[in-house]
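Basis for what follows: all heavy atoms, side chains included, without hydrogens, waters or symmetry-related copies. Each chain gets a letter, A, B and so on, in the order its sequence line appears, and its residues count up from 1. Note that this is a predicted model, so its numbers are computed, not measured.
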Amino acid sequence: MEISFLNDLNDSQRLAVEYTDGPSLVIAGAGSGKTRVLTYKIAYLLKTGLAPSSILALTFTNKAAREMKGRIGAIVGERIARYLWMGTFHSIFSRILRNDADRIGYTKNFTIYDTSDSNSLIKSIVKELKLDEKQYKHGLVHSRISFAKNNLITPEAYLANHDMMTADVNSRVPMISEIYKIYCIRCKKADAMDFDDLLLHTNILFRNHVDVLQKYQQAFSYILVDEYQDTNFAQYLIVKKLAEQHERICVVGDDAQSIYSFRGANIDNILKFKNAYQHTKIFKLEQNYRSTKTIVNAANSLIDKNKAQIPKTIFSEKDTGELIKVLSVFNDLEEGVIVANHISDLRNKENFSYQQIAILYRTNAQSRVHEEALRKKGIPYRIYGGLSFYQRKEIKDVIAYCRLICNPNDEEALKRIINYPTRGIGDTTVNKLIECAQLHAVSAWEVMSDMLRYNLAVNAGTANKLAQFRNMVNVFSEQVTTQNAYDLVTGVVKVTGVISDTFVDKSPENISKRENVEELLKAIFEFSDTRQKSKEPTLLPDFLSEVSLLTDQDTDKESDTDKVTMMTVHAAKGLEFRAVFIVGMEEDLFPSPYTVSNERELEEERRLFYVAITRAEELCFISYAKSRFRNGKINFSNPSRFIKDINSEYLDSPKEKEFEPRQSRFGNWDEDMDMERNIFGQQDYSKPKPVEPFAPRILKRLVKFEGSNDEKTVTTNGSIPADAFVKHATFGIGKVVKTYIDNGNEKAEIDFGEKGIKSLLLKFAKLEVIE
DNA sequence: TGACCGCGTCTTTTT
DNA sequence: GACGCGGTCA
């Protein structure tokens with residue numbers, strides 16, 4: 001079969017694309033056209049007659065999936081590409097889990113707990129068990145639980161696992177197995193899964209229900225996995241099971257770029273792939289199309305120092321290019337200034353645009369000095385990382401309402417908003433509620449639904465407040481299956497008071513909060529809109545299941561504007577820039593001091609540096625400072641050991657004696673740097689940074705919440721709009737179903753949720769319309 | 001219940 | 001230096 005697009009590939013790429021009979025491993029060096037191979041391979045499979053719905057392609061980010069889908073669409077047509085099973089492990093398998101959720105004791109609408117939900121739950125369990133919270137830090141406990149789940153160790157298996165148990169005893173946290181057990185029970189009671197559960201429960205589903213496994217084994221006749229070096233055991237096993245029959249599977253990755261072991265990724269998956277699949281064909285993509293010879297060779301000489309790796313020879317046929325320039329600076333402030341100067345030279349003298357330049361660092365905290373230096377020189381920049389849109393408090397609050405409405409058993413959502421905005425239900429009450437729920441082995445919501453039966457020990461006033469809150473949620477819950485997500489959530493933010501809470505004063509924080517909520521509604525509208533066009537469901541649970549797996553990487557903003565990129569090295573994986581500045585190359589920073597005692601972890605740090613260098617197409621700068629302001633004090637340190645790992649023939653290093661006299665064009669450094677600090681110090685860092693607008697900005701603003709909150713209620717004198725939310729003195733909050741004239745009197749039929757649908761005479765019923 | 005203060009901690013983070 | 005957390009007080 002002659003397929004013309006294959007002519008775009010080199011020989012090794014083409015071989016990798018065309019081999020589809022059995023298992024294959026594609027070792028794709030940095031810049032070797034990995035994405036191209038994957039997309040062409042899928043296009044090739046489609047052209048050879050495979051149905052798109054029989055191809056499963058797993059990626060590590062939503063963004064990667066989306067981009068690849070777009071590229072494939074460009075080759076084979078969007079209408080075909082749409083039916084590919086392409087997405088992250090988590091999104092694909094959450095979809096599969098929802099289909100058969102009842103088989104493993106969940107409902108279709110199960111909640112996905114994010115990291116902070118998990119941590120919050122762990123904290124409350126530690127408290128309930130009366131354990132020392134300093135000893136059982138939520139971060140530590142969570143990472144142990146996460147590790148267990150990623151390795152498919154259930155709570156029972158954990159107890160029986162000698163290694164895990166002795167490790168816990170030795171670390172003086174012997175109760176982790178108990179916390180883990182309770183954590184799982186609580187998640188299940190809340191109809192919630194955390195990120196790791198999505199993989200663990202997929203394995204459980206496949207193990208316990210062979211018919212389900214077989215269904216998907218037959219459905220997927222070819223499986224592709226991207227970034228295979230970053231998969232964990234749970235992911236390995238899912239793939240292994242699905243591919244068991246036909247072994248038509250292709251995994252792509254680069255062991256030299258495995259940098260996520262701290263999240264459970266196991267590099268052995270790629271190193272030992274051929275043991276797992278016996279007749280594996282290995283393809284190596286060794287030509288780097290991205291970088292100059294110097295950069296490729298320098299990176300090779302670095303990664304050579306690692307022991308565990310698949311042998312390969314990455315080469316470039318581009319120009320030799322410039323040496324990697326090593327910048328030795330006095331301190332962090334000078335580093336900022338010098339990098340900024342270089343950037344402005346590149347732009348003014350070397351014809352670089354800002355967006356072709358990146359500053360990469362090991363830790364987010366390092367961004368500050370560079371930010372300041374660039375700002376002072378008027379260089380535009382964009383910092384990636386930090387708080388994502390969906391992690392902002394006001395957004396999480398609204399999402400928590402949504403979650404609770406769709407799944408009232410969601411305990412973390414309940415805790416979050418039961419007293420936000422303030423409605424007189426304090427910690428004491430919440431604790432009583434949860435204790436009572438534990439006592440009767442039911443969810444907190446169940447207790448709230450029948451407080452008398454569970455004998456909840458609160459006074460009448462509190463009970464009334466709880467009932468009011470419950471009724472409000474119920475009114476919304478009833479509409480989950482009938483209202484589209486956008487209309488429903490618009491009602492939610494009005495009625496719950498989330499929006500009026502932002503009108504209490506005119507502070508910039510409140511204004512930005514309100515704008516963010518509006519942006520969220522816009523995102524929900526876009527979701528409903530696009531879904532509607534393709535005739536897919538537009539209900540709130542559909543939106544939630546999607547949004548819980550989104551990260552800020554997916555809301556890529558203003559990519560068309562010309563700005564310098566600043567991000568951690570981790571975040572830069574997969575990207576490329578004409579010029580790259582790798583800053584803070586010091587001992588105690590890069591490699592991270594947490595890793596140097598462990599050879600395996602140190603090798604991962606070296607790979608991280610390898611990733612950083614190989615982002616550069618033409619120019620690479622490495623800087624290190626003799627002193628750095630960190631954790632509130634000045635730290636002195638030496639150049640990173642990794643700089644010595646690079647063959648010196650590729651480096652343009654400073655001569656040692658340049659260090660000695662602290663002279664510079666500014667005169668005495670110490671004084672000048674103090675002065676600089678004072679200048680910086682005058683700026684008010686305490687003010688919140690301007691809030692990044694949430695993209696994509698496609699649609700015009702849909703809703704704008706106007707006005708002050710003191711006029712939010714209107715006593716009706718006759719007409720109220722249908723669909724309005726109203727408040728009644730006895731029945732609480734309800735929704736107007738319809739209004740009509742009866743015997744010459746205006747009446748309204750109002751749905752008060754649990755209290756039923758009531759027909760009320762408008763001239764008697766003192767209704768407040770909630771705007 | 002919420003505002004405020006002092007203390008301890010501080011990596012990376014595709015989901 | 002900055003943030004999150006827990007404790008205290010109005």
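In the displayed structure, A:F147 atom CZ is contacted under 6.0 Å by at most 12 heavy atoms of other residues, nucleotides or ligands.
As a whole-Å value, the separation of A:M567 CE from B:dT11 C1' is 17 Å. The separation between A:D332 atom CG and C:dG1 atom P is 12 Å, rounded to whole Å. If you take CG of A:N431 and C1' of C:dG6, they are 14 Å apart, rounded to a whole angstrom. In this structure, A:N331 places its CG atom 16 Å from C1' of C:dG1, rounding to the nearest Å. Between the C1' atom of B:dT14 and the CG atom of A:L58 lies a distance of 13 Å, rounded to the nearest Å. One can place CG of A:D132 at 14 Å from P of B:dG8, the figure rounded to the nearest angstrom. Rounded to an integer number of Å, the gap from A:E133 CD to C:dC5 C1' is 9 Å.
Using a 3.5 Å distance cut-off with no hydrogens or angles, the side chains of A:D410 and A:T111 do pair a donor with an acceptor. For the residue pair A:Y610 / A:N306, no side-chain donor-acceptor distance below 3.5 Å is found, with atom types taken as modelled.
If you check every strand for non-hydrogen atoms under 4.0 Å, A:R362 touches a base. Note on A:D230: a base of the nucleic acid sits closer than 4.0 angstrom, heavy atoms only.
Listed candidates were C:dG6, B:dT12, B:dG2. Nearest to the side chain of A:N419 is B:dG2. Here the nucleotide nearest the side chain of A:Y594, chosen from B:dT13, C:dC5, B:dC10, is B:dC10. Side chain of A:T568, nearest nucleotide from B:dT14, B:dT13, B:dT11: B:dT13. Of the listed nucleotides (B:dT11, B:dT14, C:dC5), B:dT14 has the atom at the smallest distance from the side chain of A:K573. Of the listed nucleotides (C:dC5, B:dT14, B:dG2), B:dG2 has the atom at the smallest distance from the side chain of A:T422.
Look at A:F262 and the base of B:dT11; the rings do not stack under the cut-offs of 5.5 Å between centres and 30° between planes.
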